[in-house]
Amino acid sequence: MKDNKEHSPILEQIAHSDGMTVPEGYFADFAARMEAALPERKPVEPPVVRTTWQKVRTYVYMAAMFAGIWCMMKTLDLMRPSTPMPGEVLTEALNDDNFISDYYLNNVYEDELLNNLYEEGISPYELCAYN
């Protein structure tokens, strides 16, 4: 094993500088030169105090925009032809006694009615007795 101090002849022929060199005394007065190269600072102005309206106006504008959209949608809804919902028609029909007697009760078959009565144990003759 070779000692670390021994180098091969090839490595001794190569220059050992990494290419990063600076002139003598470059960093000695670096801060003074940098300060001289910078532009002069302007005095900082105090921040402008915003009024209450300037703070709130964005939210007021946004609320007005949404109110305008709501009014537009309401106007378009009022211009639409009014058709009742299917549930409303059915509810209105079931609440009408004439509809029930004319359409619903007429659709009950007599055979079904008699079968249901027999299953309940009621004879048609007993029904006649109640009338």
Say whether, by atom type as modelled, one donor and one acceptor occur between the side chain of Asn95 and the main chain of Thr91 under 3.5 angstrom.
-> yes

All pairs passing salt bridge (charged side-chain N to carboxylate O under 4.0 Å, His left out) where residues 64-76 contributes a residue, at least two apart | none

Throw together a table of side-chain donor-acceptor distances under 3.5 angstrom for residues 49-66, partners on residues two or more places apart or in other chains.
unit_1: Arg50; atom_1: NH2; unit_2: Gln54; atom_2: O; d: 3.3
unit_1: Thr51; atom_1: OG1; unit_2: Gln54; atom_2: N; d: 3.3
unit_1: Gln54; atom_1: OE1; unit_2: Thr51; atom_2: N; d: 3.0

Are Thr75 and Met72 close enough that some pair of their side-chain heavy atoms sits under 4.5 Å apart?
-> no

Would you give me the side-chain donor-acceptor pairs under 3.5 Å for residues 30-45, sequence neighbours excluded?
unit_1: Arg33; atom_1: NE; unit_2: Asp29; atom_2: OD1; d: 3.4
unit_1: Arg33; atom_1: NH2; unit_2: Tyr26; atom_2: O; d: 2.6

Other than Trp70, which residues form its hydrophobic cluster under the rule that side-chain heavy atoms must be closer than 4.5 Å?
-> none

Applying side-chain contact (heavy atoms from CB on, under 4.5 Å), name anything that partners Asn116, two or more places apart in sequence or on another chain.
-> Glu119

